[in-house]
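What follows is a single structure, written as structure tokens, with notes after it.
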Amino acid sequence: MNIINYLATDFGALLFVVCLLGLIVGSFLNVVIHRLPIMMEREWKEQCAELLEVSVQNDANKPFNLSQPRSRCSHCGHQITVLENIPILSFIWQRGQCTACQGTIAWRYPLVEASSALLAVIVAWQLGFGWPLLGALFLTWALLATSMIDFDHQYLFDNITLPFLWLGLLFNLFGVYTDIESSVIGAIVGYLSLWIVYKLFKWTTGKEGMGYGDFKLLAMLGAWLGWQALPVIILLSSLVGAIIGILLILLRGHDRSVPIPFGPYLAMAGWLSLLWGETLTNVYFLWIYP
């Protein structure tokens with residue numbers, strides 16, 4: 001019996017493998033979350049310098065991508081070894097400190113790794129073995145990475161949303177999550193719905209209520225889940241965003257003039273719809289038409 005058949009028949013083994021894979025991917029997501037914004041900033045600076053016909057006076061010419069240079073301690077520059085890069089275990093073994101300078105390692109690194117594994121296990125538990133699981137794992141990790149980046153920088157990068165929009169259409173070309181018609185309409189309506197809200201808000205207030213990245217993220221979710229999931233996603237993300245926004249203002253004194261990223265709430269609502277979309281839709285229609 002090969003490994004595929006074994007995972008298909010042994011649910012416990014499937015969960016274990018998915019958990020292990022989630023930890024490994026979570027470690028990579030930490031790299032993506034940290035480096036992708038820097039990579040994009042360097043690319044923008046190079047493009048501006050090219051247009052202005054000036055040279056870039058920084059380290060932009062040095063290789064910097066998701067694989068180079070090797071990960072280093074942010075305090076002393078110590079190069080992280082293989083043993084120091086084991087998800088979660090290395091953090092525990094090192095007691096949250098760099099082995100060279102004893103500088104503090106941020107808690108977010110093991111938390112992202114743990115979140116990646118936990119979310120992956122939940123997806124596997126809900127969907128079981130099959131093509132839907134494979135696509136849902138990729139989508140889950142993409143949503144986790146883009147949420148963290150948006151939380152840090154208030155920016156959603158096309159490098160994640162656009163490829164995954166096309167990937168959603170590809171999966172649904174074979175009817176994995178919905179039919180291809182609903183998928184295409186979902187991508188179109190997902191983008192246009194928030195774009196219209198953006199235009200109306202800007203026309204009435206003169207301010208920008210959200211960014212174009214939010215339109216693309218909802219279009220991506222529409223491509224994966226179909227247009228039928230969009231009302232629930234918009235309602236749920238708006239509700240959660242409003243509650244958390246109010247709590248931040250009341251409990252932490254968040255400045256109302258400082259924008260709160262909407263991407264993480266869209267991602268959260270999309271992920272919930274991915275796993276429990278039918279249940280959420282039924283609850284939504286029971287609420288609208290009791």
Side-chain angles (χ1 to χ4, degrees), residues 3 6-7 10-39 63-129 133-134 136-153 157 159-160 240 244 247-248 251-252 261 263-265 267-268 270-272 274-275:
I3 184 64
Y6 179 65
L7 294 177
D10 192 320
F11 191 60
L14 175 65
L15 295 181
F16 175 78
V17 170
V18 167
C19 180
L20 186 61
L21 183 61
L23 290 172
I24 297 172
V25 172
S27 180
F28 174 71
L29 292 183
N30 277 320
V31 177
V32 174
I33 293 166
H34 172 70
R35 295 194 180 191
L36 184 58
I38 300 176
M39 290 165 55
F64 189 90
N65 50 49
L66 297 181
S67 61
Q68 292 181 302
R70 291 278 299 276
S71 297
R72 297 178 180 274
C73 172
S74 59
H75 301 287
C76 67
H78 166 68
Q79 184 169 294
I80 307 301
T81 66
V82 175
L83 292 178
E84 293 170 341
N85 205 31
I86 300 174
I88 296 180
L89 293 180
S90 61
F91 182 84
I92 297 174
W93 170 60
Q94 296 171 216
R95 298 181 180 179
Q97 295 179 329
C98 171
T99 55
C101 70
Q102 283 71 53
T104 302
I105 301 174
W107 271 92
R108 68 178 299 169
Y109 293 114
L111 287 178
V112 168
E113 294 165 352
S115 297
S116 173
L118 177 61
L119 294 176
V121 169
I122 294 174
V123 170
W125 182 278
Q126 182 69 13
L127 299 181
F129 185 84
L133 171 61
L134 179 64
L137 288 176
F138 281 119
L139 180 60
T140 297
W141 292 324
L143 291 175
L144 178 58
T146 200
S147 295
M148 294 299 297
I149 291 174
D150 194 28
F151 183 81
D152 288 339
H153 303 279
F157 290 105
N159 305 59
I160 298 177
V240 174
I244 294 179
L247 290 176
L248 286 175
L251 301 180
R252 297 181 57 184
Y265 309 125
M268 183 187 308
W271 186 78
L272 292 173
L274 171 68
L275 300 184

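Hydrogens, waters and symmetry mates are skipped; everything else that's a heavy atom, side chains included, is used.
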Checklist line | CA sep, side-chain torsions, deciding dist, call: Val123, Trp271, side-chain contact (heavy atoms from CB on, under 4.5 Å) | finding: CA-CA 9 Å; Val123 170; Trp271 186 78; 3.6 Å; yes

Checklist line | Residues Val25, Leu21; criterion side-chain contact (heavy atoms from CB on, under 4.5 Å); working and verdict | finding: CA-CA 6 Å; Val25 172; Leu21 183 61; 4.2 Å; yes

Note to self: Could you go through Val32 and Met148, starting from their C-alpha distance and side-chain angles, then the distance that decides it, and tell me whether this counts as side-chain contact (heavy atoms from CB on, under 4.5 Å)?
What the structure shows: CA-CA 10 Å; Val32 174; Met148 294 299 297; over 6 Å; no

Next item on the list: Dump the intermediate steps for side-chain contact (heavy atoms from CB on, under 4.5 Å) on Glu84 and Ile105, then the final yes or no.
Entry: CA-CA 11 Å; Glu84 293 170 341; Ile105 301 174; over 6 Å; no

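Distance alone, capped at 3.5 Å, is enough to place a donor-acceptor pair between the Asp150 side chain and the Gly263 backbone. Here the side chain of Ser116 pairs a donor or acceptor atom with the backbone of Gly22 at under 3.5 angstrom.
In this structure, the separation between NE2 on His34 and CG on Leu29 is 14.5 Å, given to the nearest 0.5 Å.
Atom CZ of Phe138 is surrounded by 12 or fewer heavy atoms from other residues, nucleotides or ligands within 6.0 Å. Atom CZ of Phe16 sits in a sparse spot, with 12 or fewer heavy atoms from other residues, nucleotides or ligands closer than 6.0 Å.
In this structure, the side chains of Thr99 and Thr81 stay at 4.5 Å or more apart for every pair of heavy atoms. Side chains of Leu119 and Leu143 form no contact here, defined as non-hydrogen atoms less than 4.5 Å apart. Looking at Trp125 and Phe11, their side chains come closer than 4.5 Å, going by heavy atoms from C-beta outward.
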